[in-house]
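Some notes on the structure that comes next.
Proteins come first, then strands; the chains are lettered A, B, ... in the order of their sequence lines, and each starts at number 1. Just so you know, these numbers come straight off a predicted model, no measurement behind them.
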There are 2 protein chains.
Amino acid sequence: MDHSPKEPASDHIANRLALAVHEHRLAPGTKLNEDEVADVYGVSRTVVRAALQRLSHDGLVELRRNRGAFVAQPSVREAREVFEARALLEPRTARSAAERMTGTDLAALQRHIDEEHAALAAGEGGRALYLSGLFHIEIARIADQETIATFIGQLIARSSLIIALYWKRRTAMCESHAHHALLEAMAAHDGAKAEDLMRGHLLDLLTSLDLRNTPPAPRSLREALGT
Amino acid sequence: MDHSPKEPASDHIANRLALAVHEHRLAPGTKLNEDEVADVYGVSRTVVRAALQRLSHDGLVELRRNRGAFVAQPSVREAREVFEARALLEPRTARSAAERMTGTDLAALQRHIDEEHAALAAGEGGRALYLSGLFHIEIARIADQETIATFIGQLIARSSLIIALYWKRRTAMCESHAHHALLEAMAAHDGAKAEDLMRGHLLDLLTSLDLRNTPPAPRSLREALGT
DNA sequence: GCACACGATATTGTATGCAATCTTGTGTCG
DNA sequence: CGACACAAGATTGCATACAATATCGTGTGC
C-alpha cells in the first residue's frame, strides 16, 4: 500500500522478496538466482544483489560464496535462539506498550487483528501469518522503541521461516486469540498482564513447533513469484 | 587476526570501516564519499557501495538518497533506545553465560580484558573501547546465543557512536573494573550476580552520558583512514 | 564397471560507464 | 544589497560487460 514515491528500488525488491517469504510463497531452501530475480522484476542484477544482501543481513537469505543466494533454512538451534531472543525482547516491550497505549494505537492494532481474521477467513493463511507478525512489530512501535522494533522485525521474519519448517499442528486459531487477549490487556493499560500474555504467547508458539527432525528439502523458484 | 582466506571483499571493507568507527577514528557525521573510499582501499565503487549498505543496516552509517553515506549521528532518543535494548538483552544473557561458562571461555575473556588494559595503558583509548565491546559480544557467544550476539554486536557498534557523541567524563576506569567484576561472577558460575552486575554496568554507562545537548558537527574524511 | 581428471557451462564477483539527482557557484532582477 | 533562477559540477543510482569460480557432464585409464 505504501508505495513511497521514490523508493531506492533495491529496497523495493527486498520488500517484495521478504513478503514472499513471509507469506510462505518462497519456501526455505529455494535458490534465488540473480539473473532470474532480475528478470522477474525487470531490473538489473545490481539492485537484486543489493536486495539479497539486505535480506541476508536480516537472516532471511543465506549467501554462499560463488554459489548464490538461498532462502534461509533455520536450523533447530537457530529456531531456539530466535525464540530465546524474542522471549527477552517482546514481553517487556509489550508491557511498555500497554502503559503508553493511546486510542489511535488501539484502533490500529484492532485493524491489524481484523485484517488477520479476514485473511484467515479468505483462506490466505500466508497473509494471515504475515499480518500476525506485523502485530508484534506494531507493539514495539507503540512502546516507542524503534530499535527494538527493528530487531523484532528481523526475528519475526526468521520466525516465519521457522514456522514454515517446523510447524506441528494446523491450528492457526491460537494466534488470533492470543493477539486479542493481548490487545485487551493493553487497552486496559495492564502492563503486567500484557507482559505475561506475551510471554505465554511466545511459549505457545515455541511449543507448537516440532524441533526434533532434520532440515527439509529445497524447491524451484519462478512459480512462487507470481506477483 | 582471522583473515579468512577468501573474504567477500565487500565484507573486508565494511569491517575496516566499522573498526575505524569503533576506534573513534571516524567521527559521527563524517561523509563517506564512494570514490574516495574506493580509492583509499584500492577497490571499485561497487564493493564500497555493498560495504556501506551493510554498515547502514547495522546502524553505523546513514544512507541519504542521492546525497551519500555518512557516519551515523545517533540522536538522543536513539541513544536511549540502544541502551534500552541492551538492558533487555545483556543481563539475562550474562546469566546464561555464567551458568555455561567453561575454562576455555574464562581464559578467552581474561585475555580480552588483558588486551583492553594493555591498549588503555598504551594510550589507545579507541582500541580499548573496541575491545571492551568485544567483551560484551563474547559473553553472548559463551551463552551460546549467536543470534543475540549479533544483535548485541550491532548495539555495541551504535553504542560506540553514542559514546563518541555524548560521553561526559573522561574516566575509562569504570569499564575495565566492571568487566573484571563480571568475569569473577561468571567464573564462579553465579548467574544471578552476573545478571545484576551487567544491569548495573549498563546503567553506569547510560548515566555517564550527557543526553541533553544537541547533536554535534561533522568533519573531513581521509585523515582518519590511515590504515 | 568404477574412479578420477578434465573441460564446457553456468553463476557469482567485480569493474566500468552512463543517466538521474543533488549541490553549489554565478548572474540577473527587484 | 538581498533573493531568486539557472547552469555547471559533483555524486549517487543503475545497467552492462568482463573476470573468477563453482558445478556438472564427459571421457579416459585402471
*Report the distance from atom CZ of A:Arg67 to atom P of C:dT12, rounded to the nearest whole Å.*
11 Å
*asked:* Is B:Ser44 close enough to C:dA15 that one of its side-chain N or O atoms is under 4.0 Å from OP1 or OP2 there?
replied: yes
*For the pair made of CZ in A:Arg45 and C1' in D:dG13, what is the distance, rounded to whole Å?*
17 Å
_Between A:Arg77 and A:Glu81, does any side-chain N to carboxylate O distance fall below 4.0 Å?_
yes
*Take the protein atom CZ of B:Arg49 and the nucleotide atom P of C:dT16, then report the distance between them rounded to whole Å.*
16 Å
*asked:* Salt bridge check, A:Arg100 against A:Asp105: does any charged N sit closer than 4.0 Å to a carboxylate O?
replied: no
*Distance in angstrom units between B:Phe70 CZ and D:dT12 P, rounded*: 8 Å
*Quickly work out the B:Tyr41 OH to C:dA15 P distance and round it to whole Å.*
15 Å
*Take A:Val43 and B:Ala69, find for each the nucleotide of DNA chain D with the closest heavy atom, and name the residue whose nucleotide sits nearer the 5' end.*
B:Ala69
*Give me the ring orientation class for A:His179 and A:His201: parallel if the planes are under 30° apart, tilted from 30 to 60°, perpendicular past 60°.*
perpendicular
*asked:* Can you measure B:Arg65 atom CZ to D:dC14 atom C1' for me and round it to whole angstrom units?
replied: 11 Å
*asked:* On DNA chain D, compare the nucleotides closest to B:Glu34 and B:Thr46; which residue's is nearer the 5' end?
replied: B:Glu34
*Send over the distance from B:Leu63 CG to D:dG13 C1', rounded to a whole Å.*
11 Å
*Report the nucleotide, chosen from C:dT12, C:dA15, D:dA15, that has the shortest atom-to-atom distance to any side-chain atom of B:Val47.*
C:dA15
*asked:* By nearest atom, which of the nucleotides C:dA15, C:dT14, C:dT12 is closest to the B:Ala9 side chain?
replied: C:dT14
*So, B:Ser159 versus B:Arg86: side-chain donor-acceptor pair below 3.5 Å or not?*
yes
*Check whether any side-chain nitrogen or oxygen of B:Asn33 sits under 4.0 Å from OP1 or OP2 of D:dT11, and answer yes or no.*
yes
_Whole-Å gap separating P (D:dC14) and CD (B:Gln53)_ = 10 Å
_Would you say that more than 12 heavy atoms from the other residues, nucleotides or ligands in this model lie under 6.0 Å from the CZ of A:Phe135, or not?_
yes
